[in-house]
Amino acid sequence: MRITNRIMTNNSLTNINRVKVSQDQLNTMMATGKKITKPSDDPVVAIRALRLRTESTKIDQYYDRNTEDAEAWMKVTDSSLHTVSEVLMDMLEQVGKGSADTMATSERQTIATYIKSLADEIYDSGDADYAGRFIFSGYRTDVPLSFQEDTTLKYSITEQLDKSALQTMDHVYTDDILKYTTETYATLNAEEQDIETEQVHRIQLAYGNVDPTEGLKLTYYDPATGAQNVVNVPSVSLSTVSDPYHNLAAGDICYIPETGELLLGEDYYSKLMDTRDDPMTTGVDEGEFRVEYVKKEWKEGDLRPEHYFACTSEDADGKVINYNPEYLTGGGRQVIEYATGTGQSIQINTFADECFNHDIGRLAEDLMSATETLASLDAIVNSLDKMIEEGNLGAGDRRIAEDKLAAAKKAQTLQRDKVQQMFDAAKTTVQGFIDRTSLASTNCGSRESRLALIQNRLSDQQLTMDNLVSENEDCDETEVAIELAGAKLAYEAALMATSKISQTTLLNYI
């Protein structure tokens with residue numbers, strides 16, 4: 001076969017171009033630091049790069065975004081719980097002072113008022129938010145824990161309780177003593193022998209000032225019949241009955257709308273105390289009883305019921321929202337979780353009822369009410385004492401005034417003992433609040449510790465993945481530089497050889 005000059009030239013140009021393409025590829029690798037610039041350069045590297053980059057992006061999302069957001073959320077939660085703990089320690093100190101035998105009534109009133117302000121501060125801490133999201137309100141991160149202003153909104157509430165909600169309290173029966181005035185004392189019925197301390201059973205509902213016109217319903221399991229027993233509870237207003245706590249018959253039951261107290265006679269108290277869950281049945285908790293009622297008027301600082309109970313709200317336009325119906329069938333809480341890996345997540349939220357329960361505010365209200373009653377009795381005793389000391393009474397009036405004074409002093413003594421015992425018992429109650437808050441804080445701290453471990457793992461995974469991506473995509477600059485120098489030398493040699501070959505033609509041999 002005859003090799004012509006054209007064939008030699010074409011082959012030389014093809015080889016030169018091939019060397020030039022190789023040099024261009026090496027130049028590109030040197031400039032970009034990458035093995036390929038388009039999938040066709042190396043399909044295997046390209047496919048592997050897509051897989052590695054997808055996994056790397058996931059890890060970056062978990063590590064740089066999810067865990068950082070979760071950490072910030074938990075820090076805000078921990079800070080709020082720390083504040084609550086400090087306030088509760090202050091509250092414990094105050095009830096300890098109030099339990100002292102020598103404490104004057106005015107001082108106890110001051111302490112009770114201060115305790116109420118501490119309870120309000122605790123609820124304010126529950127409205128803490130992170131990046132505009134309220135941290136203790138479950139999925140409803142756009143709704144604060146408490147009402148931010150006085151509101152009129154109808155809520156139909158179902159409280160799910162057990163026997164731990166049953167309370168037995170001391171009540172001082174004062175007859176008509178609290179109605180005493182210097183003008184009417186002689187006409188009022190109150191004898192010293194009638195003044196007494198009696199025990200009253202009650203359920204203290206989460207809210208006071210509930211709507212009496214809507215009624216109240218108690219539902220509990222009756223083992224005698226094997227069915228749920230429903231009781232429509234009558235209302236007894238303090239405006240019509242001065243002392244509904246006195247002489248409550250064994251078969252009686254009533255509730256006081258103004259205070260939110262459900263008073264139980266001995267029969268109802270015994271029935272509810274006997275309730276217990278049957279381990280042989282599933283899907284039914286026989287130890288639970290429910291109280292259903294309606295509340296329409298809310299004050300600033302009241303805890304919103306949708307964060308605690310199964311309830312429905314209805315606004316002025318008739319719009320109805322059903323909250324937490326799953327609670328009535330044993331459904332779980334609203335857990336907020338952040339993904340920290342494929343198929344892995346961590347809970348970040350603390351539930352409102354873990355530390356911001358209604359009992360804190362109700363305790364403060366009880367102490368304030370008891371100290372106010374004691375202050376009223378003190379004023380009555382002082383008024384009658386002064387009237388007698390002035391000596392302007394006749395013999396008969398003086399004897400009546402002394403009898404009424406004796407009754408008032410007995411009531412005063414009994415009420416003072418009750419108040420002192422309430423403050424003393426409050427120490428145990430507040431300590432229980434502290435323990436609950438400590439447990440919530442400990443749980444939050446445990447999640448923070450676990451999150452730190454997850455962050456360390458993700459950091460290692462991120463480093464490993466970055467190395468894999470680099471090994472797959474990045475070129476060895478030293479090796480490329482050597483290859484580029486070789487390609488340059490080969491290119492120059494090819495040019496020289498081609499130039500010499502191209503100078504020789506057929507004419508040189510004729």
Side-chain angles (χ1 to χ4, degrees), residues 86-122 167 169-182 184-185 188 190 192 194-200 204 208 238 242-243 245-246 258-259 359-391 401-434:
E86 289 184 337
V87 175
L88 285 172
M89 292 301 296
D90 193 2
M91 186 180 291
L92 181 62
E93 181 182 353
Q94 296 304 318
V95 295
K97 291 179 180 178
S99 64
D101 294 335
T102 57
M103 185 68 62
T105 300
S106 59
E107 294 174 316
R108 283 199 173 109
Q109 275 191 294
T110 301
I111 290 174
T113 302
Y114 182 47
I115 289 174
K116 181 63 171 66
S117 68
L118 292 177
D120 293 339
E121 176 61 28
I122 290 173
Q167 301 176 2
M169 68 170 190
D170 289 336
H171 170 66
V172 177
Y173 175 61
T174 60
D175 205 346
D176 287 337
I177 292 177
L178 291 175
K179 300 178 182 178
Y180 277 180
T181 67
T182 54
T184 63
Y185 73 93
L188 298 176
E192 183 178 359
D194 296 330
I195 307 303
E196 61 179 354
T197 298
E198 52 192 344
Q199 288 192 327
V200 178
Q204 199 172 27
L238 295 177
S242 59
D243 195 346
Y245 304 90
H246 180 56
E258 293 89 346
T259 64
D359 296 341
I360 298 174
R362 302 296 268 150
L363 172 65
E365 292 171 2
D366 269 357
L367 292 175
M368 289 187 67
S369 176
T371 54
E372 287 172 0
T373 300
L374 179 57
S376 298
L377 290 171
D378 286 350
I380 291 169
V381 168
N382 292 335
S383 177
L384 288 172
D385 209 7
K386 180 179 179 181
M387 185 172 59
I388 293 172
E389 288 181 358
E390 288 177 349
E402 288 175 346
D403 290 342
K404 303 304 180 185
L405 176 61
K409 284 186 175 181
K410 182 178 180 181
Q412 179 192 38
T413 300
L414 293 178
Q415 184 67 19
R416 184 182 295 112
D417 291 342
K418 173 188 173 179
V419 170
Q420 191 270 332
Q421 291 170 7
M422 286 180 67
F423 273 98
D424 193 52
K427 291 188 290 186
T428 302
T429 304
V430 175
Q431 184 60 54
F433 298 153
I434 294 173

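Put simply, CG on Leu118 and CD1 on Ile111 are 11.0 Å apart, with the number rounded to the nearest 0.5 Å. Here CE of Met368 is found 8.5 Å from CD of Gln109. Values are rounded to the nearest 0.5 Å. Atoms OG1 and OH, on Thr259 and Tyr245 in that order, are 4.0 Å from each other to the nearest 0.5 Å. Note: Gln167 CD to Gln199 CD = 13.0 Å, rounded to the nearest 0.5 Å. Rounding to the nearest 0.5 Å places CE of Met103 at 6.5 Å from CZ of Arg108. Rounded to the nearest 0.5 angstrom, Leu92 CG and Thr428 OG1 are separated by 9.5 Å.
In this structure Glu93 satisfies the salt bridge (Lys or Arg N to Asp or Glu O under 4.0 Å) test together with Lys97, sequence neighbours excluded. Every residue meeting the side-chain contact (heavy atoms from CB on, under 4.5 Å) condition with Ala426, not counting sequence neighbours, appears here in chain and number order: Val95, Leu363. Partners of Asp424 under the salt bridge (Lys or Arg N to Asp or Glu O under 4.0 Å) rule, at least two apart in sequence or in another chain, are Lys427. Applying the side-chain hydrogen bond (donor to acceptor under 3.5 Å, both in side chains) criterion to Lys409, with sequence neighbours excluded, gives no partner residue. For Glu258, the side-chain hydrogen bond (donor to acceptor under 3.5 Å, both in side chains) partners two or more places apart in sequence, or in a different chain, are Ser237. Among residues two or more places apart in sequence or in another chain, the side-chain contact (heavy atoms from CB on, under 4.5 Å) test is passed with Glu86 by His82. In this structure Ala370 satisfies the side-chain contact (heavy atoms from CB on, under 4.5 Å) test together with Gln415, Val419, Met422, sequence neighbours excluded. Taking the salt bridge (Lys or Arg N to Asp or Glu O under 4.0 Å) definition, one finds that Glu402 meets it with Arg398, sequence neighbours left out. Contacts of Asp366 classified as salt bridge (Lys or Arg N to Asp or Glu O under 4.0 Å), with partners at least two apart in sequence or in another chain: Arg202. Residues satisfying the side-chain contact (heavy atoms from CB on, under 4.5 Å) criterion with Thr197, sequence neighbours excluded, are Asp170, Val172, Leu414.
The two residues Asp194 and Tyr173 make their nearest non-hydrogen contact at O-CD2, 3.3 Å. Residues Gly361 and Ala119 share a closest heavy-atom pair of CA-CB, 4.3 Å.
Counting only residues at least two apart or on different chains, the salt bridge (Lys or Arg N to Asp or Glu O under 4.0 Å) pairs with a member in residues 110-119 are Lys116-Asp120. Pairs passing the side chain to side chain donor-acceptor pair (under 3.5 Å) check and including a residue from residues 374-385, sequence neighbours excluded, read Thr105-Asp378, Asp378-Gln412.
Taking 4.5 Å as the limit, some side-chain heavy atom of Ile360 sits within range of a side-chain heavy atom of Met91. In this structure the side chain of Val381 never reaches within 4.5 angstrom of the side chain of Tyr180, judged on heavy atoms. The shortest side-chain heavy-atom distance between Ile115 and Phe423 falls under the 4.5 Å cut-off.
When atom types are taken as modelled, the side chain of Ser369 and the backbone of Glu365 share no donor-acceptor pair closer than 3.5 angstrom. Looking only at distances, no side-chain donor or acceptor of Gln420 sits under 3.5 Å from a matching main-chain atom of Asp101.
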Run the side chain to side chain contact (heavy atoms under 4.5 Å, CB included) test on Lys404 and Ile177 for me, step by step, so that the C-alpha distance in whole Å, both residues' side-chain angles and the decisive distance to 0.1 Å come before the verdict.
CA-CA 8 Å; Lys404 303 304 180 185; Ile177 292 177; over 6 Å; no

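Dense packing is recorded around NZ of Lys418, with more than 12 heavy atoms of other residues, nucleotides or ligands lying under 6.0 Å away.
No hydrogens or angles considered: nothing links the side chains of Asp175 and His246 as a donor-acceptor pair under 3.5 Å.
We find that Glu389 and Lys386 are not joined by a salt bridge, their nearest charged nitrogen and carboxylate oxygen being 4.0 Å or further apart.
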